[in-house]
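Excluded from the calculations below are hydrogen atoms, water molecules and symmetry mates; all remaining heavy atoms, backbone and side chain alike, are included. When a ligand or atom number is given, it counts from 1 through the structure's own listing order.
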Amino acid sequence: MQLWFSERETDNINVKWKVEQTLYSKKSQYQQIDIVEFTDFGRALILDGIIQTTVYDEFIYHEMIAHIPLCIHPNPKKVLVIGGGDGGTVREVLKHESVEKVDLVEIDKEVVDAARKYLPELAGCLEDPRVTVQNVDGFKFVQEKTSYYDVVIIDSSDPIGPAVGLFAKSFYKSVHKILKEDGLFVAQTESPLFNKELITDVYTGIKEIFPVQYLYTAGVPTYSIGPWTFTLGSKRYTKEKARTLNKKIGLKYFNEDVQKGAFLLPQYIKELL
Ligand code: SPD
């Protein structure tokens, strides 16, 4: 018997993936969590029917959400990751020698536990002594500290369910407050083809809060059809003085060309900003 997983992109587009086996399936307090093995893309984390990551192409997304902001900051020491319970983003953050402390704030403990067991390539890094995992609401977490982190990375799921608040302007104001006076942050901000209004709203909001703002893209085959966007807000540092990374730290996607090219936007995306 053949098993197929179908992911809804829009009311009129579904994408189908052939499944070898289901490894884990549980309804947590927040969402339905599934870990399956796809025939071509290997193990995948699926939340409420939406694929979050696959072991085959996760490196593209996780390298891009982590290294672009961490290279713009000249000396990132304290980093906060909100969401990202699979651990992929934290794994990339830890590749930066300057980083002394990473707080992972993932609301759903069951996601972290499942990733530790079934996605060790991503979540194995959570045992690193520099990492602290807290299963609390990211929206509330950022309201409780001031001027503390050098870099904040918002590795959320789509703007439905538990992640809705992580796309609100009031949330970005709290992120501004929790960053040091020269801090910066990045958020995953969805598809420029299917989430136009969201990208415009987020970018406009960030522009009102942070003096420096950028949108950059990467093509992540697992996410939707076409490019994926990331929006960055910075209190001081600009991309022109970004550091480059030592090639020996195990990168598969990020390099100096990608670092520069990611900010080059096609016209239809520029018009959203
Ligand atoms: N459409 C799904 C987008 C998910 C983005 N975040 C995934 C988290 C991976 N660490």
Within residues 195-214 or reaching into it, pairs that qualify as side chain to side chain donor-acceptor pair (under 3.5 Å) - sequence neighbours excluded: Lys169-Glu208

Heavy-atom closest contact (Pro192 atom, Pro227 atom, distance): CD-O, 3.1 Å

Please set out all donor-acceptor pairs under 3.5 angstrom arising from side-chain atoms of residues 143-151, sequence neighbours excluded.
residue : atom : partner : partner atom : Å
Thr146  : OG1  : Lys177  : NZ           : 3.3
Tyr149  : OH   : Asp103  : OD2          : 2.5
Asp150  : OD1  : Lys180  : NZ           : 3.1
Asp150  : OD2  : Lys77   : N            : 2.9
Asp150  : OD2  : Lys78   : N            : 2.8

Cation-pi check, Lys239 onto Phe263 ring (under 6.0 Å, within 45° of axis): yes

Where Leu126 and Leu104 come nearest, the two heavy atoms and their spacing: CD2-CD2, 3.8 Å

Protein residues that have a heavy atom under 4.0 Å from any atom of ligand 1, sorted by chain and number: Ile50, Ile51, Gln52, Tyr61, His62, Asp86, Asp155, Ser156, Asp158, Gln188, Tyr223, Trp228

Tyr172: ring pair (Phe, Tyr, Trp, His ring centres under 6.0 Å) partners, not counting sequence neighbours: Phe185

